[in-house]
**Student:** 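Got a structure here, written out as structure tokens. Questions coming.
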Amino acid sequence: MAKIKYMSENLANKIQAGEVVERISSVVKELSENSIDAASKSITINLENGGLTKIEVIDDGIGMDEEDASLCFGRHATSKLIREDDLFFINTLGFRGEALPSIASVSEVTLLTSTGKVGTELHLKGGKVLSKKSAPAYQGTKITVTNLFYNTPARLKYLKSEQAELNHTISLVERLALSHPDIKFTLTNNAKVIVKTSGSNDLKKTIHEIYGLQVSSKLIEIKGSNDDYDVYGYICKPEILKSNRNHMITIVNDRVVKNMDLNRAINDAYYTYKPDIKYPIVVLKIDTDPTLIDVNIHPTKQDIKLSKVDELYNLIVGLIKDALYQNLLIPVMNIKPQSEIENENIVNNFIQEEESIYNAKDNDNIQTTLDLSYKETKPAIITPNEKIKNLVLYPVGLALGTYIIAENEDGIYLIDQHAAQERINYEKYLNALKNEKVSTTKLLIPITIELSSSEFNKIQENMNLLTKMGFTLEEFGINTYLVKEHPTWLKVGYEEEQIRKIIDLVIAKEADFDYIKFNEHIAITLACKMSIKANMHISYEAMEELLQELVNTSNPYNCPHGRPTIIHFTKYDLEKMFKRVMN
Ligand code: ZN
Ligand code: ZN
């Protein structure tokens with residue numbers, strides 16, 4: 001009995017747009033998803049010249065009998081959809097099962113397939129069957145696509161360089177592999193293996209196989225549920241950051257999706273653990289009832305709409321924040337031969353090429369040159385959280401006017417004095433701003449603030465904001481305000497400077513104003529302004545106090561801009577560097 005059914009004309013029209021095959025990776029995607037649907041345990045994708053010459057997908061799935069093999073290239077053939085409602089259920093992966101005829105219509109295709117009994121070999125060009133014969137009965141399917149777009153020159157021209165097409169395909173196969181850790185994926189180009197996973201059904205191992213040890217050694221597992229969603233996956237410690245969002249991978253019901261809300265949740269959870277323009281490596285598997293998902297059926301998009309998205313947002317943000325906070329995140333200097341680091345990166349270099357353009361203009365170099373790996377937390381009675389709170393750092397001195405050198409029995413620490421104080425001040429300001437009950441200080445001599453007329457108007461419009469913060473402003477002549485009262489949390493001796501800064505921020509306030517973000521912005525700006533700068537020498541006592549305050553903050557590891565505050569050299573590493581120990 002053939003498994004392939006024909007769908008209604010209406011449904012066919014709905015997904016007609018899906019017939020667009022744009023590039024090499026879209027062909028690989030369709031063929032691989034068919035293989036996944038065919039319950040394959042192993043999928044091999046072999047490309048020649050990045051797929052421009054040849055694309056071959058081999059699987060060990062259920063295969064097709066002779067009848068299905070002939071039907072599968074017919075218009076609107078699909079084994080996956082029969083009812084229109086089904087379009088809205090994401091559980092069926094390759095819901096665009098009609099892609100096969102589309103691919104066949106613009107290329108030369110050889111299909112070799114068998115359910116394990118008889119085998120069928122079909123050869124097509126431009127969608128027309130040129131030959132059909134019986135073939136060996138090895139269960140599975142092998143599809144070879146050559147001469148892609150030979151009859152559609154416009155699309156042929158649209159294809160990018162071999163390397164660019166290959167980069168897309170690598171990224172695609174990595175995502176497929178991460179969303180199906182139980183399937184063994186192999187991607188080769190000109191017989192060179194580029195991606196290889198073992199099908200271990202172990203997500204962490206699969207991440208290791210794709211990103212290498214540098215990343216897999218810095219993963220934190222997260223797991224949690226609410227009434228509607230189960231979330232499981234791995235997040236990377238914030239020292240490993242990328243210049244784009246491509247490595248924030250979200251998988252909903254086994255399908256990789258692009259969803260703004262999910263990206264926002266991840267990004268918000270890392271707030272102040274990283275600079276805004278950097279993104280973490282995150283692989284999140286989200287499982288839910290398919291009725292909560294609305295699939296955008298536009299063929300080129302992997303976008304979906306989620307119901308109860310606020311609850312999901314809170315769940316994800318909570319899980320990631322907890323995981324970051326619960327782990328001792330002080331980077332440890334790790335001296336490694338350069339060659340070793342390079343080896344681990346071979347696979348990723350393909351994609352990083354695109355990123356390097358961004359890296360070049362990016363002057364913060366948190367993760368590029370050093371291999372900063374985090375100190376492992378030993379299982380102990382105390383939680384890691386208490387461990388950082390109990391971390392005693394004895395200052396030794398100040399280097400380069402910038403870095404406090406501190407020590408304890410575990411080794412040496414370098415602390416960026418500006419970044420550390422910025423973190424402390426940021427949390428102080430933020431707490432003060434969040435506090436509903438504001439205590440204020442009346443000024444005996446009011447501070448005069450002169451503004452341009454547009455600035456004056458802007459302040460007038462937003463007076464409620466300033467009042468809420470604890471300011472009392474009085475109009476005083478043309479475009480001038482007198483500040484008569486201010487919140488007490490302003491740093492003594494710098495009141496005027498801080499007031500001017502806050503007024504500047506109110507004037508610069510964006511149209512899509514968000515009160516919480518605004519407060520955070522104020523806290524960060526003031527913290528930076530009010531913190532000791534590099535080349536300012538502070539006393540030993542001040543260092544002691546600073547370090548004590550730092551370990552008591554909610555995130556002692558990063559300044560509010562996401563830069564690291566503290567780096568650790570373990571005693572063992574030092575002994576290794578000085579060859580006091582030899583292994
Ligand atoms: Zn700063
Ligand atoms: Zn900073």
Side-chain angles (χ1 to χ4, degrees), residues 237-243 267-280 321 324-325 329-331 358-359 361-370 372 374 388 393 398-406 413-434 489-491 493-505 508 516-538 542-543 545-568:
K237 294 178 181 179
E239 64 193 54
I240 301 257
L241 295 170
K242 299 278 182 185
S243 298
N267 206 40
D268 288 356
Y270 273 83
Y271 185 70
T272 79
Y273 279 92
K274 66 174 188 64
D276 280 348
I277 51 160
K278 294 277 182 179
Y279 303 93
K321 276 198 163 161
L324 290 172
Y325 188 58
L329 295 176
I330 302 175
Y358 299 95
N359 279 329
K361 344 179 214 182
D362 186 356
N363 53 10
D364 86 61
N365 46 5
I366 297 168
Q367 95 288 14
T368 41
T369 45
L370 295 176
L372 302 171
Y374 282 108
I388 181 79
L393 301 169
L398 189 73
L400 306 174
T402 305
Y403 307 103
I404 297 170
I405 304 167
Y413 300 80
L414 288 180
I415 298 100
D416 181 324
Q417 67 174 9
H418 174 74
Q421 200 172 45
E422 210 174 37
R423 161 57 60 180
I424 297 162
N425 283 340
Y426 163 71
E427 294 197 1
K428 274 188 196 158
Y429 285 126
L430 199 60
N431 280 333
L433 284 164
K434 274 186 196 156
W489 53 261
L490 291 186
K491 193 169 170 180
Y494 300 87
E495 291 88 349
E496 185 164 348
E497 197 183 340
Q498 294 171 87
I499 290 168
R500 282 185 189 279
K501 197 72 227 172
I502 291 170
I503 285 184
D504 283 351
L505 291 173
I516 294 167
K517 287 244 156 79
F518 183 72
N519 276 347
E520 266 169 359
H521 195 54
I522 288 182
I524 292 178
T525 313
L526 292 184
C528 185
K529 265 207 143 352
M530 291 302 124
S531 298
I532 10 155
K533 298 284 179 289
N535 292 317
M536 266 170 65
H537 289 260
I538 59 170
M543 285 185 209
E545 202 188 329
L546 182 74
L547 297 178
Q548 188 52 46
E549 282 187 272
L550 179 67
V551 297
N552 280 312
T553 59
S554 74
N555 170 8
Y557 321 107
N558 301 91
C559 85
H561 303 95
R563 286 203 299 115
T565 52
I566 181 166
I567 289 172
H568 182 197

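We're numbering straight along the sequence, starting at 1. Numbering of ligands and ligand atoms starts at 1, following listing order.
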**Student:** For the Zn ion (ligand 1), find the closest N/O/S atom on Glu422 and give its atom name.
**Tutor:**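 Result for Glu422 and the Zn ion (ligand 1): OE2.
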
**Student:** Do Thr565 side-chain atoms and Pro556 backbone N/O form a donor-acceptor pair below 3.5 Å?
**Tutor:**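 At least one qualifying donor-acceptor pair exists.
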
**Student:** From the Zn ion (ligand 2) out to just under 2.8 Å, does an N/O/S atom of His561 turn up?
**Tutor:**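 Yes, within the cut-off.
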
**Student:** Does Met543 offer a backbone N or O that forms a donor-acceptor pair with the side chain of Glu545 under 3.5 Å?
**Tutor:**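 Absent.
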
**Student:** Are any N, O or S atoms from His418 nearer to the Zn ion (ligand 1) than 2.8 Å?
**Tutor:**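 Looking at His418, which is the residue asked about, there is an N, O or S atom under 2.8 Å from the Zn ion (ligand 1).
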
**Student:** Please say which of His561, Glu520, Arg423 ends up in a side chain to side chain donor-acceptor pair (under 3.5 Å) with Thr272.
**Tutor:**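 It is Arg423; the other options fail the test.
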
**Student:** A side-chain contact here means heavy atoms from C-beta on lying under 4.5 Å apart; do Met530 and Gln498 qualify?
**Tutor:**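 Touching, per the 4.5 Å side-chain cut-off.
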
**Student:** Is it true that some N/O/S atom of Cys559, main chain or side chain, lies under 2.8 Å from the Zn ion (ligand 1)?
**Tutor:**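 Of the N, O and S atoms in Cys559, none lies under 2.8 Å from the Zn ion (ligand 1), which means no.
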
